[in-house]
Amino acid sequence: MNYKLLGKRTGLPVSEFTIGAGNFGQAWGYGMDSKEADRIVSFYTEHGVNLIDTSDTYQCGESEILVKAIASKRNDLVITTKYTRGIVPEQALGKLGNHRKNMVQQYILMLGLL
């Protein structure tokens, strides 16, 4: 596997390939269960992939099955994510976009404090 540095200042080597977690879960009517997600994560990490992309909105939150699949490998992986709550016309502007307020709220939701 080839690796490149993530950004100019992080010093983090990341694999040229990434695992996308958009199909982890089945809430959208397609995707995979946790057993299949575990299998995929194991296969790719055994072949050197250390970069995983996810989002709090993938599969309406079901992509969080990724947590179990990476538990034993967490210190060896780089996880990228998005935290935008999406563009829904009836939502207030404060709930749209990648700004600090949404990042903090998503972190709190992730911890189960809201």
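When a residue number appears, it is its place in the shown sequence, counting from 1.
Connection of I79 to V67 is not established within any shared hydrophobic cluster, with ILVMFWY side chains joined at heavy-atom distances below 4.5 Å, either directly or through further cluster members. Tracing side-chain contacts under 4.5 Å through hydrophobic residues (I, L, V, M, F, W, Y), one reaches M32 starting from V41; they form part of the same cluster. Cluster annotation: F43 is connected to L66 through the hydrophobic network of ILVMFWY side chains, with a link wherever side-chain heavy atoms come within less than 4.5 Å.
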What pairs of donor and acceptor atoms, side-chain ones from residues 3-14 against any protein atom, are under 3.5 angstrom apart with sequence neighbours left out?
| residue | atom | partner | partner atom | Å |
| --- | --- | --- | --- | --- |
| Y3 | OH | G48 | O | 2.7 |
| T10 | OG1 | L6 | O | 2.3 |
| T10 | OG1 | L12 | N | 3.1 |

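Pairing each heavy atom of M1 with each of E16, the nearest pair is SD-N, 4.1 Å. Closest non-hydrogen pair, I19 versus Y44, comes out as CD1-CB, 3.6 Å.
Scored by the side-chain contact (heavy atoms from CB on, under 4.5 Å) test, I65 finds F24, S34, A37 as partners (sequence neighbours excluded). In terms of the side-chain hydrogen bond (donor to acceptor under 3.5 Å, both in side chains) criterion, residue partners of N50 (sequence neighbours excluded) are, by chain and number, S15. Qualifying salt bridge (Lys or Arg N to Asp or Glu O under 4.0 Å) partners for D53, counting only residues two or more places apart in sequence or in other chains: K82.
Applying the salt bridge (charged side-chain N to carboxylate O under 4.0 Å, His left out) test to pairs two or more places apart or on separate chains, none has a residue in residues 65-79.
Between the CD1 atom in I52 and the OG1 atom in T81 there is a gap of 11.5 Å [rounded to 0.5 Å]. Rounding to the nearest 0.5 Å places CG of L77 at 9.0 Å from OG of S72. Atom CD1 of I40 sits about 8.5 Å away from atom CG of N23, to the nearest 0.5 Å.
The main-chain N or O of L51 is found under 3.5 Å from a side-chain atom of T18 such that the two form a donor-acceptor pair. The backbone N or O of Q59 sits nowhere less than 3.5 Å from a side-chain atom of S63 that would complete a donor-acceptor pair. Here the side chain of E62 pairs a donor or acceptor atom with the backbone of Q26 at under 3.5 angstrom.
Clustering of Ile, Leu, Val, Met, Phe, Trp and Tyr side chains at separations under 4.5 Å places Y30 together with W28, Y58.
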